[in-house]
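Everything below concerns the one structure shown next.
Just so it is clear, the values below take in all heavy atoms, side chains as well, and ignore hydrogens, waters and symmetry mates. Being a predicted model, the structure only gives us computed values, none of them experimental.
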Amino acid sequence: LLKARTSLERVHILSCKVTLYEKMGFAEKALFFGFQGLKELGITKRQFSINLMLMKDIIILKSRMRTLAPSDILQLPAMTDREKIAAINILMRMIPSAYFTSSHLVNLIINKMVAMSLKYGNNECSPLAYAGYGVYEGSILGKPLRGKEFGEVALNLCGVGSSPEIRAKVENVCGGYINVWVTHAR
């Protein structure tokens with residue numbers, strides 16, 4: 001970190017540390033470095049006060065989604081702001097560690113990623129955000145068909161040329177957490 005010349009270089013190093021500690025099984029340490037990276041980008045941990053932020057994010061996101069069909073998401077422009085791309089990337093890397101520490105934190109991260117994608121455009125991590133939001137729609141909000149629509153959007157966004165890592169994660173979320181509600185096993 002000391003040799004990093006720019007904020008984005010420091011964020012990239014911290015993002016790698018998130019992945020490293022998550023793979024080693026140290027979820028709390030991974031989240032610590034994730035929050036450090038977000039702080040470097042101007043997103044403070046205070047913005048992640050779980051319950052209040054989750055409720056606020058849900059209200060804001062639901063109001064945005066009211067006027068937006070899931071298929072409209074496919075027409076969003078590409079995310080171009082390098083800091084926003086770095087932020088959504090580090091958020092994506094924090095999901096596995098958050099999964100093992102707090103389901104509310106996972107939902108908060110997913111909501112933040114979706115909100116960023118809607119505001120700044122889609123990027124490589126956006127399909128995972130939309131798939132996660134599909135799980136949220138189906139399991140928490142009780143709208144499995146709407147959740148499946150978001151899963152389908154996520155799979156369509158993966159398309160040709162996307163990262164195999166992202167595609168695998170999206171297929172896992174859609175197959176294991178969304179399709180089970182609406183697609184019969186036979």
Side-chain angles (χ1 to χ4, degrees), residues 38 41 43 47-96 98-99 102-186:
L38 292 172
L41 294 167
I43 301 170
Q47 291 175 319
F48 278 87
S49 127
I50 307 275
N51 293 333
L52 287 176
M53 282 305 299
L54 190 55
M55 293 309 291
K56 179 184 163 207
D57 281 359
I58 291 167
I59 292 167
I60 292 169
L61 213 47
K62 289 304 286 178
S63 70
R64 282 187 190 161
M65 294 294 192
R66 229 177 262 142
T67 60
L68 188 70
S71 58
D72 294 339
I73 291 168
L74 296 171
Q75 309 307 317
L76 291 174
M79 188 181 291
T80 57
D81 184 320
R82 291 179 53 190
E83 287 192 358
K84 303 304 181 209
I85 292 169
I88 200 169
N89 185 18
I90 203 164
L91 285 167
M92 181 200 67
R93 290 175 186 268
M94 291 170 66
I95 292 172
Y99 180 83
S102 168
S103 63
H104 294 304
L105 183 55
V106 172
N107 290 332
L108 191 59
I109 290 170
I110 294 292
N111 287 349
K112 187 69 116 176
M113 290 174 67
V114 170
M116 288 178 70
S117 296
L118 293 176
K119 186 171 184 178
Y120 302 109
N122 289 323
N123 90 332
E124 182 180 57
C125 302
S126 298
L128 185 59
Y130 298 129
Y133 186 77
V135 172
Y136 184 75
E137 279 278 349
S139 65
I140 295 174
L141 300 180
K143 298 180 179 177
L145 293 175
R146 179 108 166 127
K148 185 173 188 229
E149 288 176 352
F150 280 99
E152 289 170 353
V153 164
L155 289 169
N156 287 334
L157 270 178
C158 280
V160 177
S162 69
S163 151
E165 174 193 9
I166 301 290
R167 175 110 187 148
K169 288 178 180 183
V170 169
E171 287 179 355
N172 179 48
V173 170
C174 291
Y177 299 95
I178 294 176
N179 290 343
V180 295
W181 305 316
V182 292
T183 307
H184 200 291
R186 289 186 226 160

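Taking CG of L68 as the start and CD1 of I73 as the end, the distance is 5.0 Å to the nearest 0.5 Å. For the atom pair OG (S117) and NZ (K112), the distance works out to 12.5 Å, reported to the nearest 0.5 Å. Taking CD1 from I109 and CD1 from I95, the interatomic distance works out to 6.0 Å, rounded to the nearest 0.5 Å. Interatomic distance, I88 CD1 to L41 CG, rounded to the nearest 0.5 Å: 12.0 Å.
Under the salt bridge (charged side-chain N to carboxylate O under 4.0 Å, His left out) criterion, E165 pairs with K169, sequence neighbours left out.
In this structure, the side chain of T67 engages the main chain of R64 through a donor-acceptor pair within 3.5 Å. When atom types are taken as modelled, the side chain of S102 and the backbone of A98 share no donor-acceptor pair closer than 3.5 angstrom. A donor-acceptor pair is defined here as one N or O able to donate and one able to accept, closer than 3.5 Å; such a pair exists between the side chain of R167 and the backbone of L155.
Taking the side chain as every heavy atom from C-beta outward, K148 and T183 approach each other to under 4.5 Å. Two residues are said to be in side-chain contact when any heavy atoms from C-beta on lie closer than 4.5 Å; L61 and L118 meet this criterion. Looking at heavy atoms from C-beta onward, Y130 lies out of side-chain contact with V173 at the 4.5 angstrom threshold.
Of the N and O atoms on the side chains of N111 and Y136, not one donor lies less than 3.5 Å from an acceptor on the other residue.
Nearest heavy atom pair, residue M92 against residue C125, reads SD-SG, 3.7 Å. For A131 against V170, the heavy-atom pair with the smallest separation is CB-CG1, 4.3 Å. Here the closest heavy-atom approach between residue K84 and residue M116 is recorded as O-CE, 3.4 Å.
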